[in-house]
Amino acid sequence: MKIRIGVLSDTHLHGVNKAIRDIYDTYLSDKDLIVHAGDVVSNEIVDFLSKKNFQGVHGNMDPLDVKRQLPAKKVIELGDYRLGLIHGWGAASGIEARILTEFEAVDVIVYGHTHVPVNHVGAGVLFFNPGTATGLSSSGLHSIGILELDHTIQGKIVTLDG
């Protein structure tokens, strides 16, 4: 059975706006699960994404009310797969080595923090960062991710600009 997951991180939105509504309608509304890897910034966004099956963690820029609602990390079990979900911290350099130590026996680690999309295998784990959907982007590009779990796990970065 194929499971399709819409992946967001670093939205940095203080409320629901046209950008997040458009992302939801275009890319997320038909997914089996939506995950957010932190720096949500507003419980209004959490509530909005929770219209569907939703899992999230908080990031370093999230206020206390979001941190009370979302954990710092979690493991999501989907069929035969285990997904680690974490925001990340510190410099972008070395972040994957740091977050890898936070999980045992996971197939994928979904993370955020760097605002840079990542989709590669290292240490036998798929590292997947959707980039920033609506936050500040050093490249000027915004993106989300799609994970498909079937006989294998496949990740795809979707660029939203242009």
Q.
Tell me if a side-chain donor or acceptor on Lys52 pairs with a main-chain N or O of Leu28 at a distance below 3.5 Å.
A. no
Q) Quick check: does any side chain N or O of Asp65 sit under 3.5 Å from a backbone N or O of Arg68, one acting as donor and the other as acceptor? A) no
Q: Determine yes or no for a side-chain-to-main-chain donor-acceptor pair under 3.5 angstrom, with His113 supplying the side chain and Gly90 the backbone.
A: yes
Q) Under 3.5 Å, side chain of Gln154 to main-chain N/O of Glu148, donor-acceptor pair present? A) no
Q: For Asn119 and Phe128, indicate whether the former's side chain and the latter's backbone hold a donor-acceptor pair under 3.5 Å.
A: no
Q.
Just verifying a value: how many Å separate Ile109 CD1 and Ile99 CD1, rounded to the nearest 0.5 Å?
A. 5.0 Å
Q | Donor-acceptor contact present, side-chain Asp22 to main-chain Ala19, <3.5 Å | A | no
Q | Main-chain N/O of Thr152 paired with Asp150 side-chain donor or acceptor, under 3.5 Å | A | no
Q: Ignoring hydrogens and angles, tell me if any N or O in the side chain of Lys31 forms a donor-acceptor pair with the backbone of Tyr27 under 3.5 Å.
A: yes
Q. Do Val158 and Lys156 come within less than 4.5 Å of each other through their side chains, counting heavy atoms only?
A. yes
Q. Do Tyr81 and Ile153 touch side chain to side chain, with heavy atoms closer than 4.5 Å?
A. yes
(Q) Distance check, rounded to the nearest 0.5 Å: Leu141 atom CG versus Leu160 atom CG? (A) 9.5 Å
(Q) Distance check, rounded to the nearest 0.5 Å: Ser50 atom OG versus His36 atom NE2? (A) 11.0 Å
(Q) Looking at every non-hydrogen atom in both residues, tell me the closest pair between Glu104 and Arg82 and how far apart they are. (A) O-NH2, 3.2 Å
Q: Quick one: sort the His115 and His12 rings into parallel, tilted or perpendicular, breaks at 30° and 60°.
A: tilted
**Q.** Where His14 and Ser42 come nearest, the two heavy atoms and their spacing
**A.** O-OG, 3.3 Å
Q: Report yes if some heavy atom in the side chain of Thr114 is under 4.5 Å from a heavy atom in the side chain of Asn129; otherwise report no.
A: yes
Q.
Does any part of the side chain of Val110, heavy atoms only, come nearer than 4.5 Å to the side chain of Leu147, both counted from C-beta?
A. yes
Q.
Under a 3.5 Å distance rule, please check whether Lys73 uses its side chain to pair with a backbone N or O of Glu102 as donor and acceptor.
A. yes
Q) Quick one: are Val125 and Phe103 in side-chain contact, heavy atoms under 4.5 Å? A) no
Q: State which residues pass salt bridge (Lys or Arg N to Asp or Glu O under 4.0 Å) with Arg4; sequence neighbours excluded, sorted by chain then number.
A: Asp30
**Q.** 4.5 Å side-chain heavy-atom contact, Arg98 and Trp89
**A.** yes
Q: Please name the pair of heavy atoms, one in Ile23 and one in Ile144, separated by the smallest distance, quoted to 0.1 Å.
A: CG2-CG2, 4.1 Å
Q: Evaluate side-chain contact (heavy atoms from CB on, under 4.5 Å) for Leu85 paired with Ile76, printing each intermediate quantity in order.
A: CA-CA 8 Å; Leu85 181 59; Ile76 305 165; 4.0 Å; yes
Q.
Tell me the closest heavy-atom pair linking Ser9 and Gly112, and the distance in Å.
A. OG-CA, 3.2 Å
Q) Tell me, do Ser143 and Pro130 make a side-chain contact under 4.5 Å, heavy atoms counted? A) no
Q: Going by the side chain to side chain contact (heavy atoms under 4.5 Å, CB included) test, name the single residue among Leu8, Thr11, Leu13, Asn60 that passes it with Asp39.
A: Asn60
Q. What is the minimum heavy-atom distance between Thr132 and Asp10, and which atoms define it?
A. OG1-O, 2.6 Å
Q: State the CD1-CG distance between Ile34 and Leu49, to the nearest 0.5 angstrom.
A: 5.5 Å
**Q.** Flag if over 12 foreign heavy atoms under 6.0 Å of CG, Asp25
**A.** yes
Q: Would you check if the side chain of His58 reaches a backbone N or O of Val66 as a donor-acceptor pair within less than 3.5 Å?
A: no
Q. Are the side chains of Leu100 and Glu96 in touch, meaning some heavy atoms are under 4.5 Å apart?
A. no
**Q.** CD1 on Ile5 to CG on Leu78, rounded to 0.5 Å
**A.** 5.0 Å
Q: Please report the shortest heavy-atom distance between Gly88 and Ile95, naming the atom on each side.
A: CA-CD1, 4.0 Å
